[in-house]
> 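One structure follows; several queries about it will come next.
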Amino acid sequence: MARKFILTKEEAVPVNSLSIAYEDELNEQQFQVATTGTGPVLVVAGAGTGKTRTLIYRVAYLVETGVAPEHIVLLTFTRRSSNEMLNRAAGLLDGRCKRVRGGTFHAFCLTILKKYALKLGYPSNFTILDSSDSADVIDVVRATSAIKTKGKRFPRKRTLQSIFSAVRNKGIGIEQTLETGYPQFTSFVKELELLFEGYTNYKKVHGLMDYDDLLILTLKLFTSEPAVLREVASSCRHVLVDEYQDTNRAQAMIVKALASVNGNVMAVGDDAQSIYRFRGADFKNILGFPAEFADARILKLEHNYRSTQRILDLANHLLEKAKRKFDKTLFTEKEGGDLPGLVPAPDDRFESRFVSQLILQFREQGIALREMAVLFRNGHNSFDLEIVLGRKNIPFVKYGGLKLAEAAHIKDVLAYLKVVENSRDTVAWNRILQLLEGVGPKTAGNIIEWIEAEQDDTFELKERPFSKAYIESVRALFVMLRSVKMTESSPASQVGAILTYYVPVLKRVYYEDFQKREQDLEHLIGLTQSFTNRSEMLDSLVLDPVELTVIDVDAEKNDEPPLTLSTIHSAKGLEFKVVFVIHALDGIIPSSYSVGDEESIEEELRLLYVAVTRAADHLYISYPSLQYRRYDGQYFTKPSRFLEQLPDHILEPCSLVEQDHNELPGHSDTGQLAPANSNIL
């Protein structure tokens, strides 16, 4: 029998002996989370309860009590939030916190795949496809396959990309994906299964991975290579996950895999803010955490630091309608303030007049435009309001714009870099070849076939029967690519060399607005300054495309910071002193598409909860009582079913009154509140 040695239990470091006064800096619930012991922990953190602050102190506490920073993994949904947390933790403690392995799920998986890609049959210099490139690859595979469309409408490439993404994120088959999300294409199950297989094989042959592959192939690696899983998981002594309610099935499985050796995982999230089902987020992950991790403890953060109690009372009442949830009650020490108001308007025009008038009134009272927001379910719900804001000269910005790395001219420049990094990237080749004069899809395809067959230096143009119409432009392209390939300069210098070649192309292809696009190219060079190598830069721009392009948004010069217009989905995580929720109609919140689906209805309720909890001091929910349909004419609407049977002391009924010009002279455009909870228009 083997000898057994029993180790004495390490004594916990007394909190009062640490350099940070955790008990003084945090409230009771936050302190409990930050200083809790080992094992699996689920932190149910309500809106505005200081979740980020608590996680920062948790990181500092772990480091201060002896956990090596390199053995802590902090997984977030944006690189920016991860960097912010680690920088603030370093400010609390010392530079050690910056050595914590923080980042997004996709970025963390990328570091693993870069190290072990060969075990999966991929080159270590594989290229990452964004969603647009992924759709293009699917289109190429479809064009070379023998798929018959049966004389029926076949999904377009973007729809195919969404279907295949759903298959992987949700872990379900093509048939079930079509039945639940795309019933109009259920007759193409076999064809789509063949196309999906062809797409998967094409990526592997050409050294390509799409965004979903970063998660799925990491899980495949862990399953096929147990030694790799042990090595990776052993180095993850503590795994911290932010916004756990937004994880999809694959991300939840990755969390479990990373915690499989040491067993220390803290998932922080709010089931009441799970609103991204359409992106593959699975509400069951956070609800099922206690069952998935044996002996898991549940801690709560309920002390809200954002909103008045009157706004929180409405939020709590909304959550009472939810059937599947963790029980929690938000509270605050911030008393007073107005009751949230429910404002029925005669029609869209009156609703827009009400909102714009009250915005001007709050501005006169000293609340800046940037501290106010108008939220809505769908982008088109604000169209009428945008016209009114323009007439009243109220500057605004509307969220949901194009990302820099998604703009056509930026994708062009990145395509040059991609073929230098991975000469098998046929998607990038196809893009840059078709930028040449005289080269179309067929010619580009022929050149790519030659490139793939060439065993020697890809960027050496050998004797081939190329047309004189484009041979010189192909030669110039290869000369530029070869010079970039051979240089050991920084990514910024490489981009600069590409731009010297590309700017004339830009002026020819995008002649209508090339000057705006040139500004983006300057912006791109600025972004590349922070990267030390080409591969890191390409990966980062795909994984975290956060910067806006000037093609989509022109900032107003010499004007005050603008009012925010935003879909509710885009506003999650933000806060404002004044919030207007417009078009709160049944059929919009909840969406008519969710009716009959209990899970969808619950998510729509959570969506309204998210909108309500963005407000700090003032909240107005409005809707037009009369609307117009093209074929039906005018019809009466119903307010959201979620607002029914709410008592007046929770949601105050308001009314709009057209001003009598003999009354309150000189106030016709000020938006002054009238007595009896009426607003004079």
> So do the side chains of I359 and V374 get within less than 4.5 Å of each other, counting heavy atoms only?
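Counting from C-beta outward, I359 and V374 do come under 4.5 Å.
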> So do T52 and I56 actually touch side chain to side chain, heavy atoms under 4.5 Å?
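Yes, close enough: below the 4.5 Å cut-off.
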> Among D617, D338, L339, which residue satisfies the side chain to side chain contact (heavy atoms under 4.5 Å, CB included) criterion with T308?
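Per the side chain to side chain contact (heavy atoms under 4.5 Å, CB included) rule, the option paired with T308 is D617, out of D617, D338, L339.
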> What are the two closest heavy atoms between L214 and M209, and how far apart are they?
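Scanning both residues, the minimum pair turns out to be CD2-SD, 4.2 Å.
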> Do Q245 and E243 have side-chain atoms, one donor and one acceptor, less than 3.5 Å apart?
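The answer is yes; a qualifying pair exists.
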> Taking side chain to side chain donor-acceptor pair (under 3.5 Å) as the test, write out the residues that go with S307, two or more places apart.
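Scan of S307 (side chain to side chain donor-acceptor pair (under 3.5 Å), adjacent residues dropped) gives none.
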> Which heavy atom of F289 sits nearest a heavy atom of A267, and at what distance?
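Closest pair (atom of F289, atom of A267, distance): CE1-CB, 3.7 Å.
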> Should the pair R641-D586 be classified as a salt bridge under the 4.0 Å nitrogen-to-oxygen rule?
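Salt bridge flag = yes for D586 with R641.
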> Rounded to the nearest 0.5 Å, what's the gap from CG on N83 to OG1 on T76? Could you check?
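That separation rounds to 8.0 Å.
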> Just so I know, are the side chains of L217 and L221 near enough to count as touching, which here means a heavy-atom distance under 4.5 Å?
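Sidechains of L221 and L217: no contact.
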> Salt bridge check: are R606 and D271 linked by an N-O gap of less than 4.0 Å?
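Judged by the 4.0 Å cut-off on N to carboxylate O distance, R606 and D271 do not form a salt bridge.
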> Can you list every side chain to side chain donor-acceptor pair (under 3.5 Å) pair that touches residues 312-326, not counting sequence neighbours?
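Qualifying pairs: Q309-D313.
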> Please examine the side chains of N285 and Q251, heavy atoms only from C-beta on, and report whether any two atoms are closer than 4.5 Å.
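The answer is no; the side chains never approach within 4.5 Å.
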> Could you check whether any side-chain N or O of E603 sits under 3.5 Å from a backbone N or O of R277, counting only pairs where one atom can act as donor and the other as acceptor?
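Indeed, once roles are kept as given, a pair shorter than 3.5 Å links the two residues.
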> Hey, could you give me the OG1/CG distance between T49 and N304, rounded to the nearest 0.5 Å?
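So the gap between those two atoms works out to 7.0 Å.
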> Counting N and O atoms only, with roles assigned by atom type, does the side chain of T564 sit under 3.5 Å from a partner on the main chain of A373, one being a donor and the other an acceptor?
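No; zero donor-acceptor contacts below 3.5 Å.
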> We want to know whether H583 and E351 form a side-chain donor-acceptor pair, criterion being a heavy-atom distance below 3.5 angstrom.
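Judged by distance alone, the side chains do pair up.
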> Side chains of E64 and Y22: do they bring a donor and an acceptor to under 3.5 Å?
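Looking only at side-chain atoms, Y22 and E64 do form a donor-acceptor pair, the distance falling under 3.5 Å.
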> Between T613 and R306, is any side-chain donor less than 3.5 angstrom from a side-chain acceptor?
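Absent: no donor and acceptor within the cut-off.
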> Under the 3.5 angstrom rule, does the side chain of R377 hit a backbone N or O of P590 as a donor-acceptor pair?
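No; judged by distance alone, with no hydrogens or angles, the pair does not exist.
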> Counting only heavy atoms not in E333, do more than 12 sit closer than 6.0 Å to its CD atom?
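It does not: E333 CD has 12 such atoms or fewer within range.
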> Just verifying a value: how many Å separate I621 CD1 and S640 OG, rounded to the nearest 0.5 Å?
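Spacing of CD1 (I621) from OG (S640) equals 8.5 Å.
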> If you look only at pairs with a residue in residues 83-113, which of them pass as a ring-ring contact (aromatic ring centres under 6.0 Å, His included), with sequence neighbours excluded?
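Sorted result for residues 83-113: F77-F105, H106-Y211.
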> Would you call D213-R168 a salt bridge at under 4.0 Å N-O?
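Judged by the 4.0 Å cut-off on N to carboxylate O distance, D213 and R168 do form a salt bridge.
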> Could you tell me whether the side chain of Y623 reaches within less than 4.5 Å of the side chain of P344, counting heavy atoms only?
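In short, these two side chains touch, coming nearer than 4.5 Å.
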> Which pair of heavy atoms, one from A47 and one from Y609, lies closest together, and at what distance?
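Closest heavy-atom pair between A47 and Y609: N-OH, 3.8 Å.
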> For the residue pair S235 and R101, confirm or rule out a side-chain donor-acceptor distance under 3.5 Å.
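Side chains of S235 and R101: pair found under 3.5 Å.
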> Would the distance check show the side chain of E371 and the main-chain N or O of A368 forming a donor-acceptor pair, the cut-off being under 3.5 Å?
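Looks like yes, one N/O pair under 3.5 Å.
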> For the residue pair S594 and S591, confirm or rule out a side-chain donor-acceptor distance under 3.5 Å.
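Side chains of S594 and S591: no pair found under 3.5 Å.
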> Between F376 and L385, is there a side-chain heavy-atom distance shorter than 4.5 Å?
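Not in contact.
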> Atom CD in E575, atom OH in Y305: separation rounded to 0.5 Å?
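Output value for this atom pair is 13.5 Å.
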> Sub-3.5 Å donor-acceptor pair from the side chain of Y244 to the main-chain atoms of V43, do we have one?
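Here the side-chain-to-backbone pair does not exist.
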> Rounded to the nearest 0.5 Å, how far apart are CD of Q29 and OG1 of T54?
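Answer rounded to 0.5 Å: 9.5 Å.
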> Nearest 0.5 angstrom please: R237 CZ to E70 CD, how far?
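Spacing of CZ (R237) from CD (E70) equals 12.0 Å.
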> Does a side-chain heavy-atom distance below 4.5 Å link F362 with H618?
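Answer yes - side chains close enough.
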> Using only atom types and a distance under 3.5 Å, with no angle test, would you say the side chain of N262 pairs donor to acceptor with the backbone of C236?
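Yes.
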> Under the 3.5 angstrom rule, does the side chain of N378 hit a backbone N or O of N381 as a donor-acceptor pair?
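Side chain of N378 to backbone of N381: no pair is present.
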> Using only atom types and a distance under 3.5 Å, with no angle test, would you say the side chain of R614 pairs donor to acceptor with the backbone of V610?
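At least one qualifying donor-acceptor pair exists.
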> Hey, are the side chains of F222 and S260 touching, using non-hydrogen atoms and a 4.5 Å cut-off?
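Contact flag for F222/S260 side chains = no.
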> Going by an N to O cut-off under 4.0 Å, is there a salt bridge joining K284 and E292?
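So K284 does not pair with E292 through a salt bridge.
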> Does the distance from a Lys or Arg side-chain N to an Asp or Glu carboxylate O, for D270 and K572, drop under 4.0 Å?
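The answer is no: the pair does not qualify as a salt bridge.
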